[in-house]
Amino acid sequence: MDEPVLLTGAGGRVGQAVLEGLADEYEWQLLLHSPPDDEPDHEYLVGDVTDEETVADAMDGVGAVIHLAGDPRPSAPWPSVLSNNIDGTEKMYEAAVEAGVEKFVFASSNHAVGAYETDERTPEMYREGDDYRLDGTEFPRPGNHYGVSKAAGEVLGRYYHDEHGISVCNVRIGNLTRGHPPIDYERGQAMWLSYPDCARIHRCTLEADYDFEIVYGISDNDRKYYSLERAREALGYDPQDNSAEWNADEHVADYERESV
Ligand SMILES: NC(=O)C1=CN([C@@H]2O[C@H](COP(=O)(O)OP(=O)(O)OC[C@H]3O[C@@H](n4cnc5c(N)ncnc54)[C@H](O)[C@@H]3O)[C@@H](O)[C@H]2O)C=CC1
Ligand SMILES: O=C1O[C@H](COP(=O)(O)O)[C@@H](O)[C@H](O)[C@H]1O
């Protein structure tokens, strides 16, 4: 990717993981929601993804978009996801096709398919040895309004790809935590995405050639119920981390130190 990459939600957790891994590999155009405390190392704009003028300005000259901005709370109320997640994503796609952007990477979520985690399947599906896998070909099955908004974002991508030809990759991100997997949380360990693997999968989304993809963004955890096959095949993603490699005792000790 020779042209700048627009990164929305750049001030958030996923944005930081992407920038920590890939800051020097691309020319970045950041979209921040509010003015930064410290001057960023990259070009940036401040604004809201629901504002047409802001997103049109942000798209100027970019070759690809990584769209992370939105309300990330699984408990987010409908008015918030309707505006920040659904309307904001539609505005982003409109501006992207208008500007002739080639690639659009969308931060989808495990919550787009959360209702596959039925009482009959859990907690066994979170455990090593269980062979239940979602692979991205299943219908969305959200368990909350936030998940509905992520499924809607994926469908918007389908429409903009089919109608306008823009390349679209939806990454159903698992559970991003810095440093170590979630503690005492089997589900979170099964869908852990380490910060370095988060950068790796986003690098792949910028480098690979594809039409329309839905992939799972998790590390190569021994416990998993999301298949990594499509991310490997379509993107060449090669995750390096695994929640099983963390010693629970050291892990808890670190956690207790961090919590003091
Ligand atoms: N952190 C995780 O484990 C996961 C995150 N995701 C998705 O990844 C994306 C980023 O999530 P995080 O970094 O965790 O959240 P975050 O809350 O740390 O970052 C989101 C950023 O988007 C900005 N933002 C929100 N609404 C906006 C708007 N209308 N216009 C412009 N900027 C706006 C916020 O100010 C914030 O800086 C979200 O779309 C979330 O749904 C999906 C699955 C898991
Ligand atoms: O989509 C998201 O998923 C992660 C993991 O979900 P959780 O139900 O295990 O908390 C969540 O932490 C993140 O905030 C959200 O955006």
Side-chain angles (χ1 to χ4, degrees), residues 6-20 30-37 40 44-55 57-58 65-77 79-92 95 104-117 122-123 126 140 142-154 156-157 169-178 181-195 197-199 201-202 205 214-219 221 225-226 243:
L6 170 61
L7 183 68
T8 73
R13 293 165 293 176
V14 180
Q16 288 311 297
V18 169
L19 288 174
E20 282 173 22
L30 312 183
L31 181 65
L32 302 171
H33 208 185
S34 46
D37 293 335
Y44 72 95
L45 290 91
V46 177
D48 198 290
V49 291
T50 62
D51 181 65
E52 285 175 23
E53 217 171 294
T54 299
V55 295
D57 288 349
V65 173
I66 297 179
H67 177 44
L68 308 176
D71 188 334
R73 295 171 298 164
S75 62
S80 177
V81 298
L82 184 60
S83 172
N84 294 300
N85 298 10
I86 301 179
D87 187 41
T89 300
E90 192 273 344
K91 294 278 191 319
M92 288 288 297
F104 197 107
V105 181
F106 174 63
S108 186
S109 168
N110 61 88
H111 285 277
V113 286
Y116 284 99
E117 298 169 43
T122 58
Y126 305 141
N144 46 44
H145 283 150
Y146 165 71
V148 171
S149 76
K150 290 294 159 177
E154 294 180 0
L156 281 166
C169 187
N170 299 289
V171 183
R172 288 181 178 163
I173 300 172
N175 191 330
L176 178 82
T177 58
R178 186 190 280 284
I183 297 182
D184 290 339
Y185 183 27
E186 289 186 305
R187 176 174 182 267
Q189 290 162 8
M191 61 170 172
W192 184 47
L193 178 64
S194 72
Y195 268 55
D197 282 340
C198 182
I201 196 165
H202 283 92
T205 64
I214 297 176
V215 300
Y216 284 97
I218 61 169
S219 289
N221 308 313
Y225 55 98
Y226 298 143
S243 56

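One is the number of the first residue; the rest follow in order along the sequence. If you're wondering where the values come from, they're calculated on a predicted model, not measured in any experiment. Start at 1 and go down the list; that is how both ligands and their atoms are numbered.
Heavy atoms of Arg73 come nearer than 4.0 angstrom to ligand 2 in no pair at all. The closest approach between any non-hydrogen atom of Arg13 and ligand 2 is below 4.0 Å. In this structure, Gly147 does not count as a contact residue of ligand 2, since none of its heavy atoms falls inside 4.0 Å of the ligand.
Remark: ligand 2 and Arg187 share an N or O pair separated by less than 3.5 Å (distance only, no angle test).
Counting heavy atoms from C-beta on, the side chains of Arg172 and Lys150 never come closer than 4.5 Å. A 4.5 Å side-chain heavy-atom check between Leu32 and Pro40 finds at least one atom pair inside the cut-off. Side chains of Val14 and His202 form a contact here, defined as non-hydrogen atoms less than 4.5 Å apart. Inter-residue side-chain proximity for Gln189 and Asn221 is flagged as unmet; no heavy-atom pair is nearer than 4.5 Å. A 4.5 Å side-chain heavy-atom check between Asn175 and Asn110 finds every atom pair outside the cut-off. Side-chain contact check for Met92 versus Phe104: some heavy-atom pair is nearer than 4.5 Å. Leu193 is listed as a side-chain neighbour of Ile173, based on a closest heavy-atom distance under 4.5 Å.
Close contacts of ligand 2 with His111, meaning ligand atoms under 4.0 Å from a residue heavy atom, involve 1 (O), 2 (C), 3 (O), 6 (O), 7 (P), 8 (O). Near Tyr185, with a cut-off below 4.0 Å to any heavy atom, the atoms of ligand 2 are 7 (P), 8 (O), 9 (O). Taking a cut-off of under 4.0 Å to the non-hydrogen atoms of Ser109, the atoms of ligand 2 that pass are 1 (O), 2 (C). The ligand atoms of ligand 2 that sit less than 4.0 angstrom from a heavy atom of Tyr146 are 1 (O), 2 (C), 15 (C), 16 (O). Less than 4.0 angstrom separates some heavy atom of Gly174 from each of these atoms of ligand 2: 3 (O), 4 (C), 5 (C). With ligand atoms numbered from 1 in the order given, ligand 2 contributes 5 (C), 9 (O) to contacts under 4.0 Å with heavy atoms of Asn175.
Among Asn85, Asn144, Asp71, Asn84, the single residue meeting the side-chain hydrogen bond (donor to acceptor under 3.5 Å, both in side chains) criterion with Ser149 is Asn85.
Across all their heavy atoms, Asp48 and His33 have their closest contact at OD2-NE2, 2.9 Å.
Protein heavy atom in closest approach to atom 11 (C) of ligand 2: Pro74 CG, 4.4 Å. Nearest non-hydrogen protein atom to atom 3 (O) of ligand 2 is Asn110 ND2, 3.1 Å.
Ranked by closest heavy atom to atom 15 (C) of ligand 2, the top entry among Pro72, Ala190, Ser108, Gly70 is Pro72.
At a heavy-atom cutoff of 4.0 Å, ligand 2 is contacted by no atom of Lys150, backbone or side chain. Under 4.0 angstrom from ligand 2, there are no non-hydrogen atoms of Leu176.
Looking only at atom types and distance, the side chain of Asp87 has no donor-acceptor partner in the side chain of Thr50 under 3.5 Å away.
Sorted by chain and number, the heavy-atom contacts of ligand 1 below 4.0 Å come from Gly9, Gly11, Gly12, Arg13, Val14, His33, Gly47, Asp48, Val49, Leu68, Ala69, Gly70, Pro72, Asn84, Ala107, Ser108, Ser109, Tyr146, Lys150, Ile173, Gly174, Asn175, Leu176.
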Residues Val81, Val148; criterion side-chain contact (heavy atoms from CB on, under 4.5 Å); working and verdict: CA-CA 9 Å; Val81 298; Val148 171; over 6 Å; no
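In the displayed structure, Glu20 atom CD is contacted under 6.0 Å by more than 12 heavy atoms of other residues, nucleotides or ligands.
The aromatic rings of Tyr216 and Tyr226 sit parallel to each other, their planes meeting at less than 30°, with 60° as the upper class boundary.
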